[in-house]
Amino acid sequence: MILLSLYIKMYGMKKYRFRYGKIVYLLLALVVAAAFAGGIWNVYNFVVYLPDTFKAITYMVIALLTFFLAILGLSIMIYGRYVISGDYLYTCFGFIKTKSKIADVTQIVHFKKSDKLVVYNKNGEYLVIVISPAEYEDFILNMRGINREIVYESKIDGEDTPEQ
């Protein structure tokens, strides 16, 4: 356990890719396609209405916003992940990042029936970790390597599992 925490501190970070469902990927792909189509349509309208300054500016602003939406959707599809770096757990939705202090984590619970991993903080907040179940153990070990006070539990439908 000590070697694991030294490894993380020395080499920086450990990454866990989001495990999106097929429907989420489909919806993200639809958003990206619609945003690119909207951007192209608004660039076309910008060129058509170039003599009318107000309309041209309006179309260009809308085109920029739709291209931004397309890039955001692509980045969420490609770069959605959790990163354990230093003393923080980062949740990355594309280029949008949030961070939580690992020292504030009190408990990690694996709900067996729904196969969900949930991280609880001192202030009562929680974060559902959406990664591959094969990575749960590695994720828990990395978190506990940084904060040894984290309690790990397995539960079935909110009830404690029997001691083994």
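All heavy atoms count here, side chains included; hydrogens, waters and symmetry mates do not. Here the structure is a predicted model, which means the values were calculated and not measured.
- Heavy atoms only, all atoms of each residue included: L50 and A56 are closest at CA-CB, 4.0 Å.
- Of all heavy-atom pairs between I156 and K112, the closest is CG1-CB, 4.1 Å.
- A distance of 9.0 Å separates CD1 of I108 from CG of N147, quoted to the nearest 0.5 Å.
- Hydrophobic clustering places F18 together with V32 (ILVMFWY residues linked when any side-chain heavy atoms are closer than 4.5 Å, directly or through intermediates).
- Partners of Y152 according to the ring-ring contact (aromatic ring centres under 6.0 Å, His included) rule, which considers only residues two or more places apart in sequence or in another chain, do not exist here.
- Judged as a ring-ring contact (aromatic ring centres under 6.0 Å, His included), and not counting sequence neighbours, F54 has no contacts.
- Here the side chain of D104 pairs no donor or acceptor atom with the backbone of N121 at under 3.5 angstrom.
- With hydrophobic clusters built from ILVMFWY side chains whose heavy atoms lie under 4.5 angstrom apart, L65 does not share a cluster with F95.
- Using a 4.5 Å cut-off between side-chain heavy atoms of Ile, Leu, Val, Met, Phe, Trp and Tyr, with links allowed through other members, L72 and L64 fall into different hydrophobic clusters.
- Closest approach of K116 and Y136 over heavy atoms only: CA-OH, 3.9 Å.
- To the nearest 0.5 Å, atom OH of residue Y82 and atom OG1 of residue T98 are 9.0 Å apart.
- Put simply, the side chain of D115 never gets that close to the backbone of P133: no donor and acceptor are under 3.5 Å apart.
- Minimum interatomic distance between M77 and R17 (heavy atoms only, all atoms of both residues): O-NH2, 3.4 Å.
- Closest non-hydrogen pair, I40 versus F67, comes out as N-CZ, 3.8 Å.
- Put simply, CD1 on I62 and CG on N42 are 5.0 Å apart, with the number rounded to the nearest 0.5 Å.
- The CG atom of L127 lies 6.5 Å from the CG atom of L89; values are rounded to the nearest 0.5 Å.
- Taking NZ of K14 as the reference point, atom CG of N142 lies at 6.5 Å (rounded to 0.5 Å).
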Validation: residues 20-28 side-chain donor-acceptor distances under 3.5 Å, sequence neighbours left out:
unit_1	atom_1	unit_2	atom_2	d
Y20	OH	I76	O	3.1

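- Residues M60 and I71 do not share a hydrophobic cluster, defined by chaining ILVMFWY side chains whose heavy atoms lie under 4.5 Å apart.
- Taking a 4.5 Å side-chain heavy-atom cut-off between Ile, Leu, Val, Met, Phe, Trp and Tyr, the cluster of Y79 contains only that residue.
- Remark: E137 pairs with no residue by the side-chain hydrogen bond (donor to acceptor under 3.5 Å, both in side chains) rule, at least two apart or across chains.
- Not a single donor-acceptor pair under 3.5 Å links the side chain of R81 to the backbone N or O of C92.
- Of all heavy-atom pairs between G39 and A63, the closest is O-CB, 3.8 Å.
- Stacking of K55 on the aromatic ring of Y59 is not recorded, the 6.0 Å distance cut-off and the 45° axial limit not both being met.
- Looking at residues two or more places apart in sequence or on another chain, you find no ring-ring contact (aromatic ring centres under 6.0 Å, His included) involving Y90.
- In this structure, Y49 places its OH atom where only 12 or fewer heavy-atom neighbours from other residues, nucleotides or ligands lie under 6.0 Å away.
- The cluster map of Ile, Leu, Val, Met, Phe, Trp and Tyr, joined by side-chain heavy atoms under 4.5 Å apart, puts V31 and L74 in different clusters.
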